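Here's the structure we're looking at; comments come further down.
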Amino acid sequence: MNDEMKLFQGYQVQWDALRSYGFVQTQDAYVYRRDMQTQGMRMEWTITLDGALSGRVIDTAFMEEYINFRMEHCGTYGAGIREEYLAALLALRDACFIKTSFRSAQANRLEQRIAALYHDAPAFLWDSTPDAGVFRHRGSEKWYAIIMHVAGSKVQSTAASLDIINVKVNEHESSTLWQEKGFAPAYHMNKKHWITIYLDDTLSDDQIMRYVEASYRASKQRNEWILPANPKVFDVIAAFQESDTLTWKQGSQMQVGHRVYIYYGAPYSALLFQCRIVETDIQAEGEPRRMRIQYVARFEPERYPFALLKQYGVNSVRSIRSMPESLCLFIHENETKVSRPK
């Protein structure tokens, strides 16, 4: 690895800064030339349109490239030229480049857009994979995106290696996306709930950000829940006729003010009630924590049947579970409060 690659690895050129620094734009590159303090020597830099920097020192007396300064043992004269050249490279880096986290331009652009939208920066958690950056939701601390550099063979790509981003998707969407260009089954993640997207400009930044935003929404702290009720064990309909509040087993993340929906089993097999949590952490010695829920509305069984819930990723309701974001939005748009049953 030459000096330019070592000093500029992990940095991205800022094109607007090159002209003011003294670069001249040609058809396929930006070029910079200046005389060095060492008499008869001139340094030249070329930055191609893909951001690659190369440099050389020219002996103007012979109009030949001087390469001795790059050797380990280059003598006093060569060492002086090397010192000046490296100092100039560092000055260029400070003036015209910014530090980046990832290898590909698209990955770094997405990092900037995520920072602007959510004020989140990637966390680099593993020494073994120092270029794998995790984005966490500030509210829930859950991951919603991971950018990594992997071998192409790991993600069904013909590239030798590439940057990828993993994001959360609806499990019914993931297997469909596998068939589309620019996508692959999630690398190192649950393939039902995550998808891998190539960061090689197959998809535009805008397209990828739509998946990032959906993943972010899916990762936020839940405040809407589904509670299962078995009519053979507990008659919720009759209980709400007696009182507008009930006590119920409490989930670990459930808080006062959260919205809950009671899923009533056969013969209804549908969401029947909307309630809100009004008290938590009710606990008798030796008993699990319970909460108090208050009646808000009742729905007709045909409004939110199990067949509809499955379309939004609810394949079973055997225990307390969070509401998928897409189902929350659907119900919010369609719910109609019904007066308490008499």
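Note that the structure is predicted; figures quoted are calculated from it, not measured. Sequence positions, counted from 1, serve as the residue numbers for this chain.
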Practice task
Compute both the distance and the angle, then confirm whether K99 meets the cation-pi test with Y11: under 6.0 Å from the six-membered ring centre, within 45 degrees of the axis.
Solution key: yes
Problem - pair Q106-I208: side-chain heavy atoms closer than 4.5 Å - result: yes
Practice task
With ring-ring contact (aromatic ring centres under 6.0 Å, His included) as the test, would you mind laying out the steps for Y85 and F69 before giving the verdict?
Solution key: CA-CA 9 Å; Y85 184 78; F69 79 101; 5.2 Å; yes
Problem - Greater than 12 external heavy atoms within 6.0 Å of H188's NE2 - result: no
Handout entry: Side-chain touch I320/Q250, heavy atoms, less than 4.5 angstrom
Key = no
Problem - Cluster link L199 to M189, ILVMFWY, side chain under 4.5 Å - result: no
Exercise for the section: Answer with yes or no whether the side chains of S174 and H193 bring together a donor and an acceptor at under 3.5 Å. Expected result: no
Exercise for the section: Indicate yes or no: does K6 engage E4 in a salt bridge with an N to O separation below 4.0 Å. Expected result: no
Completion exercise
From the list W15, Y21, W45, ring pair (Phe, Tyr, Trp, His ring centres under 6.0 Å) with Y30 holds only for W15
Practice task
Sort out for me which residue in T60, I58, I81 forms a side-chain contact (heavy atoms from CB on, under 4.5 Å) with M36.
Solution key: I81
Problem - Salt bridge R82-D3, side-chain N to carboxylate O under 4.0 Å - result: yes
Handout entry: Pairing of R289 and D281 as salt bridge, 4.0 angstrom limit
Key = yes
Exercise for the section: Linking directly or through intermediates, with side-chain heavy atoms under 4.5 Å: list the remaining ILVMFWY members grouped with V256, chain and number order. Expected result: none
Practice task
Identify, with sequence neighbours excluded, every residue that meets side-chain hydrogen bond (donor to acceptor under 3.5 Å, both in side chains) alongside S316.
Solution key: R318
Handout entry: Flag side-chain contact, heavy atom, 4.5 Å: I195 against V167
Key = yes
Practice task
Kindly indicate whether a cation-pi arrangement holds for R136 with Y144, taking the cut-offs as under 6.0 Å to the six-membered ring centre and within 45° of the axis.
Solution key: no
Handout entry: Greater than 12 external heavy atoms within 6.0 Å of Q37's CD
Key = no
Handout entry: Test item: T176 and Q179 side chains (from C-beta on) under 4.5 Å apart, heavy atoms
Key = no
Practice task
Using only heavy-atom distances, determine whether the side chains of Q25 and R19 contain a donor-acceptor pair under 3.5 Å.
Solution key: yes
Problem - Within residues 110-124 or reaching into it, pairs that qualify as salt bridge (Lys or Arg N to Asp or Glu O under 4.0 Å) - sequence neighbours excluded - result: R113-D206, D120-R138
Handout entry: Carboxylate-amine/guanidinium proximity below 4.0 Å for D205 and R210
Key = no
Problem - Heavy-atom side-chain contact between K154 and I164 under 4.5 Å - result: no
Handout entry: L125 atom CG, over 12 foreign heavy atoms within 6.0 Å
Key = yes
Handout entry: pair V314-P324: side-chain heavy atoms closer than 4.5 Å
Key = yes
Practice task
Please confirm whether F102 and F124 have ring centers closer than 6.0 angstrom.
Solution key: yes
Handout entry: Test item: Y198 and L162 side chains (from C-beta on) under 4.5 Å apart, heavy atoms
Key = yes
Practice task
Tell me, with the steps shown, if H149 and D163 meet side-chain hydrogen bond (donor to acceptor under 3.5 Å, both in side chains).
Solution key: CA-CA 4 Å; H149 190 82; D163 278 352; 2.8 Å; yes
